[in-house]
Amino acid sequence: MDGPLIGLARLPGDELRALWTSIQILLQVADNPWVTRFRVPRATRADPRFRRDTIIVFTPDQQRRLQSLVERVRRRGIPLFLQRAIVAHTDVVVLAPDVAAAAYGTSYASDPIRMRVGDGQMDGAESVSLHGERARAVLTRLDDGPDATAFGRDWYRATLAFQQQFESFDSPHLRAALQAFPDDPGIRFMSGCQHEALAGPLFQAFARSYRHSGLRPDIDSSSRELAAAEREFRRALAADPAHTEARLHLGRVLSLRGRHQEGAAELEAAYTDTRDALLQYFAALFLGDAHEALGRLAVARSWYERAARATADARIPHLALARLARELGDDRAAEASLERALARPPVEGQPVEPWWAYRHTQARGAAAQLDALRLRVVQGGGPP
């Protein structure tokens, strides 16, 4: 990390709010170089010192220096200036979150917090970094041209993927992405993945422990989260029918909702359409589960066997095969499957059961997406 990035990360919350005020003033001067009174909208967060818009008046000398700064920014391009600001704030969130958290300073009662989850219980809470919020605010000041639209879309895709890589679900950020790009299949897909994850036992156990307290985790019941996930995956597929990963997740969600026949149809289509070994593994594993629920034990066994062959690290398919063999009265086959499931204990630094990565597999390209955004601004903005 370079010095300017650490310097930005070390800004206390009050100075970060002041920086946003400065950016708004600069943009007002860029729109009208003769303006001398600046109306700055109140802070996004409810800061008791700024309950209404602020009027700032500069002296003639301050005005000249400000116009000189604006001209320097103009020469490089206002859009590129804004994109660089967005990437800088994003890099603080990605590369220096601990530094930013330590420098945050005073928190206000209205500040949103992030709750950390461990084993279904709250493992602590922290104020959400202003840097992510400021990056979103700067993004709204980009023009509506195709380059700016592509940048904003890719930024939301990359930052959502980064969050989901660590199962860090920022609902306000997701809502902002959906509001800005309601028809983008990638963002709809990430939204579906968040709802699918929040329907799981870990997050449901966490939410239950707080439903009768003053805190309100942004997590609905499992059935409603799954229904929301289905809607989002269907919207992603409506926008991009070739989005195989969305189809895979849709099939899984349908099966979780008890609609195993529908789920199996989507999962088979996903299995056929992809050449990604990891996605094929998940599709085969889920198809085994769906057919087992439908009572088609022979078909289920064939899919579990395909899943077992997909990767040498798989253990769950062997456990499923052992269960099926036991139900069919084949104790010898059940014992053999159990031996295969237990024969490859996790080794530090070696691959483990792929199932444990399912909740964040959709985010596996996050680092590359963020690198592409950085390269874009380094090369002068515009499309990749």
Side-chain angles (χ1 to χ4, degrees), residues 1-114 126-143 152 155 159 170 172-173 176 377:
M1 291 182 287
D2 57 20
L5 177 62
I6 292 298
L8 179 61
R10 285 177 175 164
L11 285 181
D14 289 344
E15 292 188 31
L16 198 53
R17 293 180 179 93
L19 176 62
W20 172 232
T21 298
S22 299
I23 291 175
Q24 292 181 89
I25 291 173
L26 185 149
L27 293 175
Q28 288 184 45
V29 174
D31 290 338
N32 182 1
W34 306 111
V35 66
T36 58
R37 291 171 60 87
F38 305 95
R39 184 180 66 84
V40 180
R42 64 184 178 86
T44 303
R45 299 183 177 192
D47 184 333
R49 298 167 305 163
F50 300 105
R51 295 187 181 278
R52 56 176 60 88
D53 293 355
T54 303
I55 302 297
I56 298 176
V57 180
F58 283 121
T59 66
D61 181 61
Q62 290 173 327
Q63 184 74 5
R64 283 192 296 272
R65 285 189 285 132
L66 180 58
Q67 288 180 349
S68 175
L69 175 62
V70 169
E71 285 306 311
R72 287 170 55 196
V73 173
R74 278 188 182 281
R75 284 195 293 271
R76 291 199 170 192
I78 297 291
L80 180 59
F81 165 74
L82 295 175
Q83 289 181 12
R84 286 179 179 272
I86 292 165
V87 169
H89 283 301
T90 303
D91 277 347
V92 170
V93 175
V94 172
L95 301 174
D98 294 339
V99 176
Y104 186 83
T106 303
S107 295
Y108 298 102
S110 61
D111 284 357
I113 62 170
R114 176 180 292 113
E126 60 192 9
S127 294
V128 175
S129 173
L130 269 176
H131 289 276
E133 186 178 279
R134 288 297 173 257
R136 288 198 300 270
V138 175
L139 185 65
T140 65
R141 301 305 300 265
L142 285 173
D143 60 37
W155 179 76
T159 51
D170 185 343
H173 189 64
V377 298

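The closest side-chain heavy-atom distance from His89 to Leu16 is below 4.5 Å. At a threshold of 4.5 Å between non-hydrogen side-chain atoms, the residues Ile23 and Leu26 do not count as touching. In this structure the side chain of Thr159 never reaches within 4.5 angstrom of the side chain of Asp170, judged on heavy atoms. Side chains of Leu11 and Val92 form no contact here, defined as non-hydrogen atoms less than 4.5 Å apart.
In terms of heavy-atom proximity, Val57 sits nearest to Gln62 at O-OE1, 4.5 Å. What you find for Gln63 and Pro33 is that their closest heavy atoms are NE2-O, 3.6 Å. The two residues Val70 and Ala30 have their closest heavy-atom pair at CG1-CA, 3.8 Å. Closest of all the heavy-atom pairs between Val377 and Arg84 is O-NH2, 3.2 Å. Thr90 approaches Ala135 most closely through the heavy-atom pair OG1-CB, 4.2 Å. What you find for Pro79 and Asp143 is that their closest heavy atoms are CG-OD2, 4.1 Å.
The distance from atom CD1 of Ile86 to atom CG of Asp91, rounded to the nearest 0.5 Å, is 12.0 Å. A distance of 9.0 Å separates CG in Leu66 from OG in Ser22, rounded to the nearest 0.5 Å.
Residues forming a salt bridge (Lys or Arg N to Asp or Glu O under 4.0 Å) with Arg65 (at least two apart in sequence, or on another chain): Asp61.
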Please lay out, stage by stage, how Phe58 and Ile25 fare under the test side-chain contact (heavy atoms from CB on, under 4.5 Å).
CA-CA 11 Å; Phe58 283 121; Ile25 291 173; 3.8 Å; yes
Go through the steps for Leu82 and Leu27 under the test side-chain contact (heavy atoms from CB on, under 4.5 Å), then give the verdict.
CA-CA 10 Å; Leu82 295 175; Leu27 293 175; 4.2 Å; yes
Decide side-chain contact (heavy atoms from CB on, under 4.5 Å) for Leu8 and Leu19; before the verdict, give the C-alpha distance in whole Å, the side-chain angles of both, and the deciding distance to 0.1 Å.
CA-CA 10 Å; Leu8 179 61; Leu19 176 62; 4.0 Å; yes
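Classified by interplanar angle (parallel below 30°, tilted 30° to 60°, perpendicular above 60°), the ring pair His173/Trp155 is perpendicular.
The stretch residues 68-78 participates, sequence neighbours left out, in these salt bridge (Lys or Arg N to Asp or Glu O under 4.0 Å) pairs: Glu71-Arg74. Within the structure, ring pair (Phe, Tyr, Trp, His ring centres under 6.0 Å) contacts touching residues 64-83 (residues at least two apart or in different chains) do not occur.
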